[in-house]
Structure formats: structure tokens, C-alpha cells
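See structure below.
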Amino acid sequence: MSRYDPATLEPKWQAAWDEAGTFLATRSADKPKYYVLEMFPYPSGRIHIGHVRNYTMGDVIARYKLANGFNVLHPMGFDAFGMPAENAAMASGGHPADWTYQNIDTMVAQMKPLGFGLDWTRMFATCDPEYYGQQQALFLDFLEKGLVYRKNAVVNWDPVDMTVLANEQVIDGKGWRSGAEVERRELTQWFFRISDFSGELLDALDRLDDWPAKVKLMQANWIGRSRGLQFAFGLVEPTRGHDRVEVYTTRPDTLLGASFVGISPDHPIAKELEAHDPKVAEFCALARKGGTTEEAIEKAEKLGFDTGLRVRHPFDTAWELPVYIANFILMDYGTGAIFGCPAHDQRDLDFARKYHLPVISTFVPLRGEHVTPEDGGAAYVPPKSETVRWTLPFAWDEEATGETAIEAAIAFCESKGVGHGVTKFRLRDWGLSRQRYWGCPIPVVHCADCGVVPEKKENLPVELPKDVGFDVPGNPLDRHPTWRDTPCPRCGKPAKRETDTMDTFVDSSWYFARFTAPHAATPTDMAEAAYWMNVDQYIGGIEHAILHLLYSRFFARAMQICGHLPEKSIEPFDALFTQGMVTHAIYQTRDEAGRPVYHFPEEVELRDGKAFLKDGTEAEIIPSAKMSKSKKNVVDPVNIIETYGADTARWFVLSDSPPERDVEWTAAGAEATNKHLARVHRIATDIAASTEEGSPEADEALLREMHKTIFDVTNGIESFGFNAAIAKLYAFTNTLQKSQAGSAAKRSAMKTLAQLMSPMTPHLAEEIWAMLGGAGLVANAPWPKADEAMLVSDTVTLPIQINGKRRSEITVPRDAAKEEVEKIALADDAVVKALAGGQPKKLIVVPGRIVNVVV
RNA sequence: GCGGGCGUGAUGGAAUGGUAGACAUAUCGGACUUAAAAUCCGUGGGCCGUCAGGCCGUGUGGGUUCGAGUCCCACCGCCCGCACCA
């Protein structure tokens with residue numbers, strides 16, 4: 001008798017699928033299409049158990065849809081540009097391209113043994129000139145349609161290395177290599193006009209029915225539509241060409257609580273003052289210290305500088321307010337200037353207290369204790385929908401909500417000629433310029449005579465030069481004269497290429513469209529895109545909830561405008577699923593200095609819930625941490641496949657934990673999974689050899705369970721409840737093993753079990769299918785259908801609650817009338833005892849669910 | 001700091017507002033075996049009880065409801081994102 005041996009069985013079936021071309025995506029009119037896509041990986045070097053989980057989920061869907069008669073597109077590629085390749089080149093020489101392509105080869109070799117049903121013929125990497133050349137073509141089309149432009153924006157500047165730093169390269173406000181304090185510096189950069197689509201991107205969220213609500217909420221908050229008042233404070237004394245400060249506020253109702261005006265250090269007035277006043281320049285330099293992230297700016301100490309300028313309050317020309325330059329005001333949002341109302345904004349209150357500015361409450365709660373900020377309380381910031389008592393209303397009732405007051409304030413201000421109501425969005429334009437080598441070159445040329453000139457499409461791709469070095473900081477393209485110097489595409493005179501490359505988010509914003517025609521001579525092939533788009537199911541990490549998904553939604557719109565996608569693809573992802581991470585315990589000891597030392601799971605032995613190193617030292621176990629190389633709590637899928645096989649890895653990452661939540665990888669769990677699969681194999685082998693007769697009752701009972709299992713597993717897969725589906729498969733395996741049914745019924749049940757398992761453990765399923773004489777490949781066999789008649793039984797068991805606590809249960813006919821159920825329930829011993837001869841206060845019967853007797 | 005999410009036995013987790021702990025893992029007990037492994041059967045939230053059964057129990061504290069793990073409010077802890085990590 002053969003035993004379960006994944007090492008021979010898995011390559012055998014993979015070869016069979018390859019030979020049959022089972023997973024090649026083919027376009028045909030006779031079948032509906034289904035496009036399932038997992039977010040493609042960055043080629044870091046090795047695949048990670050988290051990748052296994054992500055791609056297994058996609059594969060379950062792909063295989064399930066194939067069995068349901070769809071033409072399935074399930075492709076794979078690599079998000080291959082980015083900083084790690086340059087870092088590797090800096091650290092150990094070599095070229096980013098070599099490092100990247102070697103990593104891709106390694107990862108493909110690691111992924112193939114997992115038996116994913118992928119169409120590998122469509123694979124590409126975003127660093128392939130064929131791909132990024134088409135991306136450059138897209139850029140030129142966007143440029144022509146006015147979807148790209150140039151403007152100044154701030155970057156992290158390392159004043160020692162004289163280079164731009166990514167946010168992750170700024171650690172505690174200092175450059176990661178130089179250790180120098182980082183400054184925010186302005187640079188001219190390319191931008192996509194995503195903010196022109198703010199309203200549309202926000203409104204369209206409502207139509208994304210199969211997206212998680214949390215993702216839609218995060219995007220809505222990120223886009224951030226706000227209604228407010230834009231108006232100007234007149235300067236008491238005009239200065240250097242400025243006579244007013246334009247501000248935007250979402251709280252015009254608190255105008256009478258204004259105590260100062262704040263402007264960004266990058267505001268035109270601040271810059272004007274900076275140029276002529278060393279003290280202002282000194283402060284602005286201080287205010288520009290630190291990284292560019294909103295987090296860094298929000299957490300930094302709030303600093304202000306009194307410019308000495310004064311503005312008049314729009315309602316009262318005698319009321320003068322000071323103008324401060326403040327480090328927490330962003331030039332990118334609104335007008336780069338605000339008015340501070342300390343009583344109703346904690347940040348403004350902190351600022352006012354620091355600089356001894358007045359605090360004026362304009363409203364208080366309707367009732368309850370309240371310490372006003374004037375008396376040392378916190379800023380009072382209730383939800384705008386809450387009704388409050390106004391101490392300083394100017395166009396509405398004493399009792400009103402913030403919402404009412406804001407609208408009334410805007411109307412009042414407009415009638416007085418003080419500004420106008422406007423709708424603004426928090427979403428900023430997308431800066432795509434990167435001062436780096438390993439990215440898609442921006443295909444424009446800077447000509448002294450013609451200005452910025454797009455490269456001609458026939459000259460695409462503008463390929464990255466190979467002969468570059470990374471021994472000095474900065475962008476090697478900048479110091480590569482033969483690549484940089486090029487004739488102007490328009491006038492032919494000597495000119496210079498743009499040396500900035502594109503943000504890697506650009507690469508990942510349209511790869512899903514490229515998969516529909518990966519080798520087309522244009523960015524997409526409209527016939528292919530029209531057939532395969534949209535992505536029916538997109539799967540990836542929640543960390544991409546905002547940026548990647550928002551940028552992709554923008555690109556789909558922009559590509560549609562340029563004729564590269566059909567109209568229906570304006571929202572490219574019909575359904576989205578965000579999966580959790582795979583975590584693992586960290587094993588940690590400490591060195592003489594008390595610093596932590598980490599150990600790989602393979603280096604420790606677990607005894608009685610404790611971890612020991614080979615030399616007997618006990619290691620501390622830190623449970624369930626996100627896998628990271630530096631903490632050494634990583635599990636290499638290659639080891640798992642070698643020890644247990646791909647099916648074990650696939651089954652384990654899907655079982656136990658719900659897909660949207662994190663899953664803890666444990667060696668014991670993997671071993672137990674392997675034992676279970678061996679058991680299924682053994683049961684199948686026994687059934688294949690058996691010729692026993694069974695009782696009709698046992699046959700019937702087994703088939704009923706089988707249909708229930710078909711129903712539950714199908715539902716589980718459809719609703720991403722893979723863990724629940726697997727629990728049902730365990731339960732059915734137990735039933736099948738214990739069943740006294742005859743061999744014919746058992747063979748039928750076993751074949752169905754193999755089919756139901758095939759999306760998760762495809763190799764074992766094929767083996768069993770073949771063993772029991774199934775026709776063709778189980779991968780192509782039509783998905784089993786549950787027989788509705790087999791799902792219902794004649795009676796149901798209802799729990800009886802007395803005062804909400806379960807006390808008894810009754811069995812009644814499935815279609816029993818409510819009155820009949822009440823009668824049976826009232827006759828129940830426990831109920832009779834509880835009532836003690838009296839009448840129930842209330843009797844609740846939920847048909848088919850529960851009975852609750854209130855006494 | 002701001003936005004979003006999560007929290008259930010020893011462990012991973014199940015549960016359209018309706019029997020909390022399905023299914024699995026660890027543990028313990030038993031069968032088989034000269035023995036071990038493998039396999040099979042059982043046990044498997046806490047406390048009390050000989051049994052029948054009872055009381056408590058879903059991060060903490062309140063609330064809504066006939067009924068709350070699920071809905072609402074506050075708090076605690078952890079995770080994700082914050083526009084140049086991918």
C-alpha cells in the first residue's frame with residue numbers, strides 16, 4: 001500500500017498541469033472570465049511564508065473559479081524597482097539589475113513547488129524595459145492630457161551627504177548614514193493631478209460594494225472633503241507687496257474666538273520676510289528641521305515666531321491679531337495659513353499657552369461640568385453634530401450644532417463680503433519624481449531653448465544605462481554625461497535628459513492592466529483589456545489600503561482618458577480582500593551587555609512550552625510578532641516544503657485563522673496538518689481497495705453529510721471563510737472515517753472530498769481523484785453542487801431559554817407553527833418548574849432558532 | 001499627534017443580535033505493541049457537586065435589549081497607515 005509521499009506526488013501533478021496547460025489564461029466567447037490577482041511581490045530575495053498565504057488564497061479562488069467553468073486569469077509578476085536594490089549595490093557592489101533579476105529567479109524557483117495555478121507565460125518585472133517603456137508612453141500620454149505637471153515640493157535633505165532621503169532613511173530626524181539633522185528643502189518635481197479627481201475618487205467609493213468598509217472609510221478620510229470658509233485677514237501695515245493673509249478654515253463659526261494667525265515657513269510672506277530679516281531666516285531654518293512626514297511634523301514641538309505683523313479681524317477693524325510663523329502649518333494644505341482658535345483646538349491651545357496668546361471660548365456644553373480652556377481646561381472639541389450653547393454666536397441661535405453654526409457663519413460672511421464658502425480636499429497631488437537610479441526614467445528632455453520637451457515615443461524606452469557606480473551618495477544618472485546629454489527631440493540642439501526617475505508606486509498602479517496583454521506594443525491591448533478587466537478579486541495586505549489602491553484608482557481613470565482602458569475599468573478592482581500577516585514567536589537571549597540576541601526557530605528546541613538553545617540556555621519567548629529578518633523569527637517556506645510538502649504549507653496557512661487576521665506559524669501546527677493529510681490519503685487508499693456493502697441508513701447519512709459539506713465549503717470559499725471551510729473538511733473527514741456506509745457511497749464521498757479539498761491541497765486531491773478513477777484532472781472537474789433536498793431534515797432542535805439563560809431544549813417539526821412551538825415549550829419540564837404554576841411574562845419564539853421564556 | 005482596525009479556554013480560533021468555545025493544537029488517560037513510533041478511542045474554560053445539576057465566564061467599566069462575543073459610550077493594550085519602504 002502506498003503511503004502519502006508529497007515529494008514524489010507533488011512534482012508529478014505539477015508536471016501534469018503544465019502539460020495540459022491547465023492554468024493558461026485563454027480568451028473565449030463560450031465562457032465567462034474571472035480575473036483574480038494577488039498584490040505582486042517585491043523581489044527581496046526569498047519568498048516568505050506571508051507570500052505563501054497570500055498566493056494560496058488567490059489560488060484557492062482561481063482553482064475554484066476554474067472548476068466552476070470560468071476562463072481564469074491568475075498572473076504573477078514582480079514589483080522590481082526600488083531602493084533595496086541600490087542599497088545592495090552600495091553595500092556589496094554589483095548592479096541593482098543583477099541583484100534584482102537573481103532574486104526574481106530565486107523566488108520563482110521557490111514559488112513553483114507550491115503548485116500555484118498561475119499563468120507563468122504572462123510574468124514580467126516592472127524593471128523590464130518592455131514594461132517601463134510602456135509606462136513612459138503612459139507618462140507622455142498623461143502629459144499631453146494635462147494630467148502631469150511640475151511644481152515645487154519639499155523633500156528630506158541630508159546636508160552632509162547632499163542628497164534627498166526617503167522617509168524611512170530619516171531616523172529621529174537624522175540621516176541614516178550621515179547622522180546629520182535632516183532639513184526640509186524645496187525641489188522642482190513632477191506631479192500627477194490626482195487631486196483634480198478628489199471628489200470623483202471619494203464619491204465612487206460608494207459603488208465599491210465588495211470592498212471592505214474599513215478600506216473605503218480610510219480612503220474617504222484620506223481624501224478628506226471639507227466644507228469651510230476662505231477669506232483674507234487684512235494686514236494692518238502692508239509688507240513687501242503683501243497686504244493680506246488668505247486663510248482657509250473649517251470652523252468659521254469660531255471666528256470670534258480667533259487669537260492669532262499662523263503661516264507656514266514656506267508661505268510667500270514668510271519667505272519674503274526670511275529674505276530680509278536674519279531673525280526670521282534663523283527661525284525658518286529651525287522650523288524646517290526634521291523630516292517631511294505628517295507624523296514627524298505633528299509630533300514635533302510646536303514652535304512659533306512672532307513676525308511683528310498684525311492683521312485686522314474681519315468683523316472688527318479695531319481688533320488686531322498677531323501673525324506667527326509656525327512649524328506645524330503645511331504649505332501644501334489649504335492656503336498655508338490658518339487662524340488659531342485656542343479654545344476649540346488643542347494644538348492651537350498648546351500654542352497659545354506657550355506664547356501667552358488670548359483664549360476665548362465661543363461655545364460650551366449644554367449641560368454638565370465644564371472647565372473652560374480659559375480656566376485651565378482642555379480645548380473643547382465636541383463632534384460637529386452635537387448641540388452646544390453658544391456664548392459668541394453671530395448668525396445663529398444660542399443653542400445649535402456645530403454643523404448649523406458653520407453653514408450659518410459661511411452664509412453670514414458671504415453676505416458681509418468676508419470670503420466665500422469653499423469645498424476643499426485633504427488629498428494632495430502625487431509627487432512622482434525620485435532622485436534615484438533604480439526606477440523608471442521620466443521620458444523628458446530639458447532644452448535651453450524649448451524648455452521641457454517630451455521624448456518621442458519611437459525613442460522609448462528611455463533605458464537606464466548599465467555603467468553606473470554607487471560608491472558615492474546621490475543619483476548616478478546625474479553624473480552620467482553620455483546618458484544625460486542628448487539632443488533636444490524638438491530642435492535637435494544639445495540638451496539634458498531628466499535624471500529623476502518615477503516613484504515605484506507608478507509601477508504598481510497599472511500592472512494589473514498590463515497582465516491582460518503583457519507583451520503588447522502599446523501599454524494595453526484594448527481587446528484583451530475589454531475581455532479580462534476588471535480584476536474580479538484583488539487580494540493584498542491592509543498596509544496598501546490607502547496609497548497603492550488610491551493611486552491605482554487614479555491611474556485607471558487617467559488611462560481611460562487616454563484610451564488605454566475601457567470605460568468600465570474606471571474602478572479597476574471589483575472586489576478587494578485584505579489578508580492578515582503570518583506571525584511567529586521570537587526567541588531571544590541577551591549578551592553580556594544586556595543587548596537582545598535573536599535566534600532562528602531552527603536553532604531552538606521547545607520543551608514544556610519553554611525554548612532552549614543547543615547548549616541548554618533557555619531563551620525568552622516573545623509571542624506572535626510580525627516576521628522580520630532582524631528578529632530572526634522567519635519561517636522559510638522552502639524548509640516547510642522539503643519537510644512536509646506544499647499541500648501541508650498551503651493547508652496550514654489557510655486553516656485556524658480567518659484570512660483577514662494574522663496567523664501564527666507554529667511547527668507543531670505544520671506537523672499536525674501533515675498528519676491530517678496523510679490520514680486523508682490513507683482513508684482514500686482504504687476506500688479504493690474496499691468492496692464492502694453498507695446499510696441504506698448509513699449510506700443516506702453519509703450522503704447527507706456530504707451535501708451539507710459541499711454547501712458549507714462552497715459558501716466558505718465564496719465568502720473568504722477558508723478557515724471555516726477547512727473546519728468543515730476536517731469534520732467531514734471524521735464522519736467519513738467513522739461511517740458504516742458501503743464502498744460505493746464512500747467512494748462517492750471521498751471523490752467529493754478530494755474535489756472540495758482541491759483548491760487548498762491540489763496535489764493530494766489529484767492523487768486521490770486518480771486513485772478513485774476520476775475522469776481527467778480534478779482541477780478541471782466541475783465543482784460539485786449541493787442537493788438542496790439533502791440539506792434539510794424533518795425536525796429541528798430549539799434551545800429553550802428562561803430569562804435569557806439556556807435551560808433546556810425541544811425537538812419540533814421543521815415547519816411547526818409558532819403556536820405549536822409555544823405549546824411544546826410551555827410543556828417542557830424546565831419551563832413548568834420555572835413558572836411554578838404561573839403565567840410567563842413574555843414568550844419569544846424565533847422560528848427555527850430559539851425560544852425565550854420570561855418569568 | 002491624526003485616521004483605521006483588532007482583543008473569546010493552556011493555544012489558533014467558531015458563533016445572520018438567539019445553545020459561547022464548532023474545528024484544530026497542546027495536555028492527560030486508555031487500546032494496539034516485547035518496546036517505541038505510527039494509528040485508533042476518550043479527556044479537553046474556571047469553580048462547586050457523588051450524580052442530577054448549579055454558579056461564573058468573550059480586554060476593563062457602563063448602557064440598549066426578552067436576549068450582547070456581536071450594537072452604543074468611555075477606558076486599557078496591540079496592529080496598520082500618515083503621502084520618498086514596498
Side-chain angles (χ1 to χ4, degrees), chain A residues 39-42 44 79 81-84 153 155-156 164-170 189 194 212-215 217-222 224 291-300 302 328 332 346-347 426-436 503-505 507-508 541-548 550-551 578 580-581 583 608-609 623-624 626 655-658 660-666 668-669 671-673 675-676 678-679 682 721 723-724 726-731 734 737 797-801 803-809 840-844 846 848-854:
Chain A
M39 290 179 185
F40 65 166
Y42 178 78
S44 56
D79 188 13
F81 275 135
M83 293 199 310
V155 294
N156 301 305
V164 177
L165 297 179
N167 286 333
E168 73 160 8
Q169 296 172 321
V170 179
Q189 315 230 66
I194 187 173
K214 63 179 170 190
V215 173
L217 187 55
M218 280 190 258
Q219 291 216 353
N221 289 339
W222 183 263
T292 56
T293 68
E294 198 166 296
E295 183 186 6
I297 291 166
E298 285 290 332
K299 280 185 173 167
K302 308 293 180 287
F328 57 86
D332 287 328
Q346 189 58 45
R347 193 177 58 185
R426 203 185 77 101
L427 179 64
R428 311 198 293 256
D429 276 336
W430 168 13
L432 67 117
S433 302
R434 296 292 181 270
Q435 296 69 42
R436 268 180 261 289
D503 177 9
T504 56
F505 271 122
D507 311 337
S508 55
I542 186 69
E543 66 273 22
H544 296 294
I546 296 175
L547 293 179
H548 162 61
L550 194 59
Y551 290 158
T578 56
M581 297 178 300
T583 62
D608 304 328
S624 268
K626 175 178 170 175
S655 64
D656 287 4
S657 224
E660 66 275 18
R661 238 194 275 177
D662 296 347
V663 66
E664 167 86 358
W665 181 276
T666 62
E671 191 172 338
T673 297
K675 281 185 188 173
H676 172 72
R679 180 165 75 114
R682 199 166 51 244
N723 57 325
I726 283 179
K728 299 291 180 192
L729 290 169
Y730 269 115
N734 293 340
Q737 188 171 30
T797 301
L798 299 182
I800 306 251
Q801 291 184 338
N803 292 337
K805 285 191 189 289
R806 183 184 174 280
R807 283 294 181 262
S808 180
E809 60 182 35
K841 267 193 206 150
K842 206 165 180 180
L843 186 58
I844 293 139
V846 183
R849 302 298 296 192
I850 203 165
V851 178
N852 192 8
V853 186
V854 185

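Here is the naming used below: chain letters follow the sequence lines, and residue numbers restart at 1 for every chain.
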At 4.0 Å (heavy atoms only), tell me whether [X] reaches a base, stays on the sugar-phosphate, or touches nothing.
X         : answer
Lys214(A) : sugar-phosphate
Val170(A) : nothing
Leu427(A) : base
Gly431(A) : sugar-phosphate
His548(A) : nothing
Arg807(A) : sugar-phosphate
Trp430(A) : nothing
Pro658(A) : sugar-phosphate
Val155(A) : base

Problem set entry | Presence of salt bridge, Arg426(A) and Glu294(A), under 4.0 angstrom | yes
[atom1] atoms of [N] and [M], separation to the nearest Å:
N      : M      : atom1 : result
A20(B) : A15(B) : C1'   : 7 Å
G59(B) : G54(B) : C1'   : 27 Å
G9(B)  : A24(B) : C1'   : 14 Å
G12(B) : U19(B) : C1'   : 23 Å
U8(B)  : C56(B) : C1'   : 15 Å
A35(B) : U43(B) : C1'   : 25 Å
G45(B) : A52(B) : P     : 16 Å

Problem set entry | Glycosidic class, syn or anti, of G9(B) using a 90° window around 0 | syn
Problem set entry | Side-chain donor/acceptor of Gln435(A) to base of C84(B), under 3.5 Å | yes
Considering only [options], which nucleotide approaches the side chain of [X] most closely?
X         : options                : answer
Glu294(A) : C85(B), C82(B), G81(B) : C82(B)
Met83(A)  : G1(B), C85(B), C84(B)  : C85(B)
His544(A) : C85(B), G3(B), A86(B)  : A86(B)

Would you say [X] reaches [N]'s phosphate, i.e. side-chain N/O to OP1/OP2 under 4.0 Å?
X         : N      : result
Lys842(A) : C66(B) : yes
Arg428(A) : C84(B) : no
Gln737(A) : C40(B) : yes

Identity of whatever pairs with [N] - Watson-Crick or G-U, under 3.5 angstrom:
N      : answer
C40(B) : G30(B)
A74(B) : U60(B)
C55(B) : G46(B)
G3(B)  : C80(B)

What integer distance in Å separates [X]:[atom1] from [N]:[atom2]?
X         : N      : atom1 : atom2 : value
Asn221(A) : G81(B) : CG    : P     : 17 Å
Phe505(A) : G81(B) : CZ    : P     : 10 Å
Leu547(A) : G81(B) : CG    : C1'   : 8 Å

For this session: List the protein contact pattern of nucleotides 18-29 of chain B with one symbol per nucleotide (5' to 3'): B for base contact, S for sugar-phosphate-only contact, - for none; contact means a heavy-atom distance under 4.0 Å.
Result: BB--BSSS----
Exercise. Under 6.0 Å between the ring centres of His548(A) and Phe505(A)?
Worked result: no
